[in-house]
Amino acid sequence: MKNSKVIKMRNLDVSEVKESSRRDFFKKSILYSAGALGAGSFLSPTIASANEKEIMQEAQWSTKLGDPINKNLYGLPSAYEHNNIRRTHDLLSSGDAYASISMCPIHESEGIITPNGLFFTRNHGGTAQVDPNKWRLMIHGKVKKPIVLTLDKLKKYPSETRIYFIECPANGSPEWRGPQFNSLQFMKGMMSSAQWTGVMLKTILKDIGLEKDAVWMLAEGSDNASNPRTIPVEKALDDVMVVWAQNGEALRPEQGYPVRLIVPGWEGNLNTKWLKRLEFSNKPWHSKEETSKYTMLQESGKAIRYFWVNEVNSVITSPCPEKPWSDLKKGDLVEIEGLAWSGRGTIKHVDISLDGGDNWVEADLKGLVLPKSWTRFSYIIKWKGKPLLLASRATDDMGYVQPTIDEETSKVGVESIYHRNAIVTWGITKKGECNNVQIRKHKKS
Ligand SMILES: Nc1nc2c(c(=O)[nH]1)N[C@H]1C(S)=C(S)[C@@H](COP(=O)(O)O)O[C@H]1N2
Ligand SMILES: [Mo]
């Protein structure tokens, strides 16, 4: 993309980072000296000691039959999991429950997939309830053979299944001027991740033929808000998907049932739900939508015209304000866990700091490491009963590194509400409580 040079400037120079991580290696041996983990347990001895009598007693649920097999023909989570829900907040809605947002409980999230009932939801005109038999998708404009597809026809194309996150570019928006929410869910929950099944848009376009001079695609939904968005043809022909399934079942109404667009790694708003129409054009749409969206105002007063990608980002999910460390004794081992993601590619590595960014050590990436997907990282420390300033810093395979808050605001100021990817710092007290703090100055190591 033409602007890649300008965009790249928002982040650290890669050579600088490689240098510092080499130096970190030696610091690492001082701070977390080799074998420092040594003996130690993830469970304090008092907690781990067995109470045979209690465990051998008959539990209340073992004294009678359980529920009949046909009680929940569509399963529900355990009633004890009632706190694991999406949450909404007046500060984050556009004024009502129809143009609004519900945040994903990412503090409860395990692995790299969000269960369908917990996927964050951003609507501009309510959740449309679409009859799949009446649903149609029109593909027209600069194509050789304009078509109208039914759901059955769409599903005749060979399907693809891929894991991608969706992130609203306003994720973290209230944090620009200072910490706002002492909550991971409200801070970073405008994103979720799923395994999507559908057809690659390029497969359909190959079938119906795209005119040579087609350069833009307009995607429109059939909901009350319609969410018209324009996308360059290069992206449409790259990895954009037209999907009908999410984590092995039909899309949920909130996620655009029966069909939505997936635009991997790019701003959430481009992922048009309840998809109705794709129109190709040889020139940009000079509508309000096209000119007012996707711009990034910089401190200089100049805006970057097109800024679609969700840049490399990460956050520690355990501990977090909702999940502080409890029952820790000095010498206990404890796992720091989190999520990293980049709309440009694959997470290459994640560094962890225990001291607000003075020193960094490399975390482990665990499980699947996929492009434009959530990636889990983990780092184990020995609890010393001393306050910490915990931070994570991700790097992707395109060489982009998360900026510090100062680096980010020096480029784009604090008036922005979009594309925040600055390093997040949790303040851990000596009791293990976790608070959202913002470290303004990360010293260079
Ligand atoms: N038709 C339609 N598509 C839409 C929207 C909408 O209001 N209507 N909201 C957009 C926005 S702003 C975002 S961030 C994503 C959110 O997707 P989700 O609700 O599945 O999380 O959907 C996008 N697609
Ligand atoms: Mo959004």
Side-chain angles (χ1 to χ4, degrees), residues 85-89 92-106 109 113-130 135-138 163-174 185 188-198 217-231 240-247 249-279 289 292-295 307-310 313 341 343 372 374 416-420:
I85 48 169
R86 295 183 282 224
R87 287 183 174 83
T88 177
H89 196 290
L92 297 167
S93 75
S94 325
D96 59 43
Y98 302 95
S100 196
I101 189 154
S102 64
M103 314 286 283
C104 178
I106 53 173
S109 176
I113 296 291
T114 307
N116 291 341
L118 297 176
F119 206 94
F120 92 100
T121 301
R122 173 72 171 115
N123 292 337
H124 294 81
T127 297
Q129 301 293 341
V130 177
W135 175 87
R136 297 288 183 272
L137 172 62
M138 176 164 68
I163 297 172
Y164 291 121
F165 69 82
I166 296 181
E167 182 182 26
C168 175
N171 201 11
S173 55
Q185 182 170 16
K188 285 282 180 195
M190 273 187 217
M191 61 165 181
S192 293
S193 162
Q195 177 194 266
W196 308 101
T197 301
M217 177 179 84
L218 174 86
E220 204 175 83
S222 68
D223 56 322
N224 190 265
S226 83
N227 197 62
R229 290 296 187 276
T230 54
I231 295 166
V240 170
M241 301 176 79
V242 178
V243 306
W244 53 81
Q246 172 189 1
N247 296 329
E249 65 175 358
L251 291 176
R252 290 291 170 90
E254 293 87 343
Q255 270 53 65
Y257 178 88
V259 173
R260 84 179 300 170
L261 206 63
I262 293 289
V263 185
W266 285 18
E267 297 188 344
N269 59 79
L270 301 170
N271 296 251
T272 298
K273 304 191 277 188
W274 312 289
L275 190 62
K276 166 183 166 178
R277 186 166 83 84
L278 295 172
E279 183 182 347
E289 306 303 332
S292 66
K293 307 265 192 266
Y294 335 125
T295 54
F307 198 96
W308 291 288
V309 75
N310 287 308
N313 215 332
W341 63 100
K372 303 169 191 179
W374 278 357
S416 176
I417 49 165
Y418 295 126
H419 290 283
R420 188 180 175 92

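First listed ligand is number 1; within each ligand, the first listed atom is number 1. Keep in mind that the numbers below use all heavy atoms, side chains included, and drop hydrogens, waters and symmetry copies.
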Within 4.0 Å of some non-hydrogen atom of N123, the atoms of ligand 1 are 7 (O)

Between N247 (side chain) and P115 (backbone), is there a donor-acceptor pair under 3.5 Å?
no

Minimum-distance protein heavy atom relative to atom 8 (N) of ligand 1:
D223 OD2, 2.8 Å

Looking only at protein heavy atoms, identify the closest one to atom 10 (C) of ligand 1 and say how far it is in Å.
N269 CA, 3.7 Å

Hey, which atoms in ligand 1 end up nearer than 4.0 Å to a heavy atom of C168?
14 (S)

Backbone or side-chain N or O of N271 under 3.5 Å from ligand 1 N or O
yes

To the nearest 0.1 Å, how far is atom 19 (O) of ligand 1 from its closest protein heavy atom, and which atom is that?
K273 NZ, 2.5 Å

Quickly, which of P105, S102, S109, C104 forms a side chain to side chain contact (heavy atoms under 4.5 Å, CB included) with Q185? Name it, please.
P105

Is the backbone of G268 close enough, under 3.5 Å, to the side chain of N271 for a donor and an acceptor to pair up by distance?
yes

In the protein, which heavy atom is nearest to atom 15 (C) of ligand 1, and how far is it?
G268 O, 3.3 Å

Under 3.5 Å between any N/O of Q255 and any N/O of ligand 1: does that happen in this structure?
yes

for atom 6 (C) of ligand 1, nearest protein heavy atom and its distance come out as H124 ND1, 3.5 Å

Considering only protein heavy atoms, which is closest to atom 9 (N) of ligand 1, and at what distance to one decimal place?
R122 O, 3.1 Å

Please state which protein non-hydrogen atom is closest to atom 20 (O) of ligand 1 and give its distance, to 0.1 Å?
R260 NH1, 2.7 Å

Quick one: are L261 and L270 in side-chain contact, heavy atoms under 4.5 Å?
no

Starting from atom 2 (C) of ligand 1, what is the nearest protein heavy atom, named by residue and atom, and what distance separates them?
N227 CB, 3.2 Å

Do E220 and T272 meet the criterion of a side-chain donor-acceptor pair at a distance under 3.5 Å?
no

Which of these, F119, Y164, W244, F165, sits in a ring pair (Phe, Tyr, Trp, His ring centres under 6.0 Å) with W196?
F119

Under 4.0 Å between a side-chain nitrogen and a carboxylate oxygen: does that hold for R86 and E254?
yes

Using a 4.5 Å cut-off on heavy atoms from C-beta on, say whether the side chain of D223 contacts that of N123.
no

So is there a nitrogen or oxygen of F120 less than 3.5 Å from a nitrogen or oxygen in ligand 1?
yes

Per-atom contacts, ligand 1 versus F119 - under 4.0 Å to a heavy atom:
20 (O), 21 (O)

Might you confirm whether atom CG of N224 has over 12 heavy atoms from other residues, nucleotides or ligands at distances under 6.0 Å?
no

